[in-house]
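Basis for what follows: all heavy atoms, side chains included, without hydrogens, waters or symmetry-related copies.
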Amino acid sequence: MCQGRDFLLFLMALAVLVGCDSSDPSSKSNGPSNVTAASCSSPKTRVIDTGFKGTVTGVGRGLWSDTKVMPGTQIPATAYYDGSATGGNASLKASYWDGAKFNVETVAADTFVAAGSATWVKLAFLTVGANKGRPLVVWTTGALTVKAALRSAAFGSTGTWSTAVIDTLGAGATRAASVSVSPVDHVGITYLTNSTTAGRARFIYCDSPCASLAGFTTMTANTDVIENTTQAANIMGVDTGWCKFDATTYYPVAVYHGNGSANTRYAVCSSANLSTCQTSAGWTASNISTVAAPVLMSLHTDPSVTQDGVRILVKPAAATALTTYTSASGCQAPGAFTVGTSVASGTTAGTAWAKLLRDSGGRFHIVTNTATTSVSYINSATSNFQSTAWYAAATLDTVTLPAAGAGAGGADLANSYGMVYASYGQAAAPFNLSMAIVNDINVPSNNAAAIYYAVIPDYTGGINMPLAAGNKTRNVSVAASRTGEPAAVYIDHSAGALAGGRLKYALRSGSTADSSWSVATLPNTINPLFPALAFDHEGLPWVSYYDSGTFKYFLATNTAVDGLGTWTVYQAPINAKTASATAPATDDTAIAMAYVNGKAQPVLILMNSTAAGGQGLRALRLDPETGVFGAMVTVDALGAQFATRLSADFDLNGNIVIAYYDLTTASVRFNFTMNGGDTWKPASVAVTGGGVGREGLSIRLNPKTSKPALSYYQASTNSVFLSECTSALASCNSPANWTSTTVQNSSDVGVSAVPATTHEQMLNTSLTFDDGGVPFVSYMGGLGSSNQASALVVSDRTSGFTPTAPVTLARLGPALAGASPVSQAQYGASLGSVRNALGQLITVHVGPNNWLYATSCGD
């Protein structure tokens with residue numbers, strides 16, 4: 001029991017720590033890399049921030065979940081459906097304990113897991129040889145398909161998930177899945193073929209080694225079933241197991257409802273050749289009980305014991321107690337089943353799910369829902385399943401649970417620790433996935449000394465906004481500190497809405513890609529949007545942003561380069577603004593530095609895209625010594641449709657360049673100042689053709705030539721462009737002095753999967769130059785293009801105006817099947833890039849799980 005109590009201490013510590021809004025990023029690496037032109041063959045990618053989940057409305061996280069102890073350990077993993085919509089996310093996830101913390105991964109993304117379609121989620125682990133510990137997740141969809149995901153390695157090792165449809169019906173609606181793995185790594189899956197009644201039990205299997213989902217085989221025809229008789233009840237659960245016939249042979253077994261709609265059934269496929277199980281002729285069924293409307297069945301037969309008996313937990317009807325049934329003989333030919341004692345759990349236990357477990361001493365344990373109000377635990381007094389007394393149920397957690405058929409949890413037992421873990425989702429705010437823990441299975445469930453508690457296995461949130469129409473927000477800005485370390489300012493939208501977004505600043509604390517990032521939260525914001533970042537002559541960070549909660553524009557700075565000192569916030573003197581811009585117009589901000597006698601003064605550039613408060617693109621400079629803004633300069637009065645996509649850059653000589661997309665003229669416009677923002681050119685000029693450049697606009701000054709250049713998407717043609725001024729800066733207000741080249745065309749970009757009208761904030765490019773003046777464009781690529789699937793891409797130009805072939809900057813293993821930007825299971829959303837002190841490229845971007853990542857080349 002010492003191990004179990006040690007784990008209890010770990011989890012209690014975790015329960016305290018996860019309540020803090022802190023960042024504990026994990027390192028993910030593909031190895032070292034040397035940077036040459038157009039070369040980043042071995043980039044390193046690290047998590048900066050996972051967000052911190054807030055209360056969200058709508059479907060919760062983990063309403064469908066399952067928990068298993070990882071092979072070779074005594075610690076749990078959980079697979080679950082995440083419909084929490086923090087960032088548009090609708091995905092399957094997994095969370096596993098590594099001895100110190102829970103780690104979260106995306107198993108399958110939203111185009112493979114349509115919103116609300118991942119039901120009856122079940123988790124299993126392969127157990128033999130090189131496959132030991134590899135997790136397998138199976139789920140039904142409520143439609144015609146059963147799907148599965150298999151990880152290439154055990155949790156804790158670098159691995160990727162593959163996904164596949166493993167069965168498709170001709171008609172019906174898949175539901176109530178179960179999965180079991182035999183000691184020789186055979187996998188058996190049983191599920192029902194109808195959403196409520198009139199369904200039949202169907203079987204899927206895999207012969208070992210199950211190294212690939214391609215090895216999963218379904219029944220011969222899509223109408224074949226285990227037994228061609230119909231269930232009458234709305235079954236909440238079937239179950240699958242393995243019967244050990246002799247030293248080397250294992251038969252799949254299943255429990256379900258059918259045979260004239262009035263019987264609970266046990267079936268065994270008595271053949272060493274699992275292909276025999278592909279039709280009903282290979283199965284022999286026995287009657288467990290005669291009940292017309294059972295709710296669920298949970299099965300236990302020990303696959304390590306030859307011809308072990310069969311023990312089945314049944315809820316005979318919605319208003320009855322859980323009841324035990326035991327076979328007269330072994331699992332291959334069980335004979336008659338005998339009803340045993342009712343479990344002392346009340347009539348509302350097991351209305352949605354129940355899991356029967358057996359410990360190494362032979363005693364039994366049950367974890368179940370009780371109505372929609374709590375999760376309960378019951379254990380047995382003896383190892384005699386037929387006649388044991390059951391202790392009264394204990395409440396593991398008082399929590400709002402989903403109704404029957406709207407969610408189900410799971411449980412498993414760790415024998416050496418003497419602990420039980422159970423997962424379930426909350427159907428009310430804060431809609432969390434929870435894990436309840438029984439600390440000592442040897443203590444009677446109703447004993448006052450028993451210890452039960454709950455933890456949260458997934459506190460992660462989402463960096464990008466929920467992707468509803470109108471929420472087009474540029475979310476990430478990146479700059480290099482005075483010493484060349486990358487930094488980013490961004491908004492943590494884990495709350496799932498504009499309200500309550502956290503404005504954060506992150507700085508990498510070391511010179512390598514593996515260095516940790518410090519994360520600070522700016523105070524006193526309400527609904528911060530459109531952040532931008534720059535550093536002053538002392539190396540201190542300055543942040544600009546718009547707050548839609550106050551309709552104000554702000555500058556903020558910190559007394560420490562890592563943002564962990566004191567923040568001072570300055571409000572721009574725009575006092576008549578009473579509303580935020582209406583999409584696609586935005587109230588964007590940018591920041592530059594004007595150097596006066598060697599000291600930097602921040603220049604706030606803001607886009608007021610509403611008539612209230614005086615519309616227009618404006619600039620004003622702050623004197624940090626007095627805290628007073630200078631005169632406000634109108635750079636562009638803007639037309640009636642206003643503007644979006646503001647970007648700026650500056651140098652130490654007083655040059656500031658800006659680019660933005662004018663929605664009235666439908667073009668990218670350019671302007672500049674050569675005296676730190678005191679005067680701007682009288683009129684901005686269009687430097688792109690009509691309708692081009694609205695997505696992903698980024699502007700930079702070439703450090704070698706001092707000439708401006710900009711990069712952008714043209715989503716309508718699936719292309720990325722680089723446009724450069726070929727003259728001295730003073731003449732760049734002439735459109736004739738701009739030349740545009742294609743960085744990547746429609747054959748490889750594939751950005752048409754991102755509709756400009758709703759999701760365009762995901763399409764960002766970022767332009768940087770090396771010291772030799774070579775441009776590098778980073779961008780999200782491969783949406784709808786197989787050769788760049790789930791990729792962050794970079795392209796440079798070594799000579800002339802012909803770009804080199806683009807290279808993938810971040811693709812950590814194969815793409816998640818079905819990955820799309822809507823769930824951010826795609827590298828490269830909302831990105832920004834800088835170079836470190838050695839000139840190496842670092843790109844900060846949103847990626848899988850809707851987390852913030854940094855991908856580095858060469859450091």
Side-chain angles (χ1 to χ4, degrees), residues 477 530 532 534 542 544 546 553 555 570 572-574 577 581 585-596 600-610 613-623 628-665 667-688 693 697-702 705-710 712 723-738 767:
S477 179
F530 309 110
W542 285 82
S544 66
Y546 170 72
Y553 298 87
L555 284 175
Y570 303 89
I574 296 181
K577 187 173 175 64
T586 57
D587 294 310
D588 224 318
T589 77
I591 189 170
M593 289 291 164
Y595 278 79
V596 179
Q601 295 185 347
V603 178
L604 172 62
I605 306 160
L606 60 91
M607 186 179 287
N608 184 1
S609 288
T610 56
Q615 70 191 54
L617 181 65
R618 298 173 173 188
L620 61 166
R621 192 165 74 201
L622 176 74
D623 184 344
V628 177
F629 282 95
M632 185 179 301
V633 178
T634 297
V635 180
D636 189 340
L638 299 178
Q641 302 303 312
F642 310 119
T644 188
R645 289 288 182 175
L646 176 63
S647 181
D649 196 19
F650 65 96
D651 60 22
L652 303 183
N653 300 316
N655 298 318
I656 302 173
V657 293
I658 61 171
Y660 53 97
Y661 188 82
D662 188 323
L663 291 160
T664 302
T665 63
S667 62
V668 173
R669 301 185 73 82
F670 167 78
N671 208 322
F672 67 96
T673 174
M674 301 178 73
N675 56 13
D678 290 336
T679 58
W680 297 75
K681 287 309 237 183
S684 300
V685 296
V687 293
T688 66
L697 184 61
S698 175
I699 192 168
R700 287 290 183 272
L701 283 165
N702 189 319
T705 66
S706 297
K707 299 175 183 178
L710 48 91
Y712 52 88
S723 186
E724 298 169 277
C725 180
T726 57
S727 69
L729 177 59
S731 300
C732 290
N733 61 325
S734 171
N737 291 331
W738 286 79
L767 174 62

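- The backbone N or O of C725 sits nowhere less than 3.5 Å from a side-chain atom of K707 that would complete a donor-acceptor pair.
- Closest non-hydrogen pair, A600 versus M593, comes out as CB-SD, 3.7 Å.
- W680 places no side-chain N or O within 3.5 Å of a backbone atom of N671 that could act as its donor or acceptor partner.
- Between I605 and I591 the shortest side-chain heavy-atom distance does not fall below 4.5 Å.
- The closest donor-acceptor contact from the side chain of Q615 to the backbone of L638 lies under 3.5 Å.
- Residues W738 and S727 fail the side-chain proximity criterion, which asks for heavy atoms closer than 4.5 Å.
- The two residues S667 and A686 have their closest heavy-atom pair at OG-CB, 3.5 Å.
- Shown here for L701 and N655, the closest heavy-atom pair between the two residues is CD1-O, 4.2 Å.
- For R621 (side chain) and P602 (main-chain N/O), no donor-acceptor pair under 3.5 Å exists by modelled atom type.
- S609 is linked by a side chain to side chain donor-acceptor pair (under 3.5 Å) to nothing, counting only residues two or more places apart in sequence or in another chain.
- Looking only at atom types and distance, the side chain of N675 has a donor-acceptor partner in the side chain of T679 under 3.5 Å away.
- At a threshold of 4.5 Å between non-hydrogen side-chain atoms, the residues F629 and D623 do not count as touching.
- Side-chain contact between F672 and P708: absent, with no pair of heavy atoms (C-beta onward) separated by less than 4.5 Å.
- The two atoms that bring M632 and P573 nearest to each other are CE-O, 3.8 Å, heavy atoms only.
- Residue A619 comes nearest to V635 through the heavy atom pair CB-CG2, 4.2 Å, listed as atom of the first residue, atom of the second, then distance.
- Formation of a donor-acceptor pair under 3.5 Å by the S698 side chain with backbone atoms of L767 is found in this model.
- Put simply, the side chain of S544 never gets that close to the backbone of T589: no donor and acceptor are under 3.5 Å apart.
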With side-chain contact (heavy atoms from CB on, under 4.5 Å) as the test, would you mind laying out the steps for F642 and N608 before giving the verdict? CA-CA 8 Å; F642 310 119; N608 184 1; over 6 Å; no

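- Between Y595 and D651, the closest heavy-atom pair is CD1-O, 4.5 Å.
- Within the structure, salt bridge (charged side-chain N to carboxylate O under 4.0 Å, His left out) pairs that include any residue of residues 585-596 comprise R474-D588, K577-D587 (at least two apart or interchain).
- For the pairing with V687, the side chain to side chain contact (heavy atoms under 4.5 Å, CB included) check across L710, N737, N733 returns one residue only, L710.
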Review item, side-chain donor-acceptor pairs of residues 656-663, under 3.5 Å, at least two apart:
unit_1 : atom_1 : unit_2 : atom_2 : d
Y660   : OH     : D636   : OD2    : 2.5
Y660   : OH     : S684   : OG     : 2.6
Y661   : OH     : A666   : O      : 3.4
D662   : OD1    : T664   : N      : 2.8
D662   : OD1    : T665   : N      : 3.2

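- No option in L604, V603, V633 other than L604 meets the side chain to side chain contact (heavy atoms under 4.5 Å, CB included) test with L620.
- Between F530 and Y546, the ring-plane angle classifies as tilted under the 30° and 60° cut-offs.
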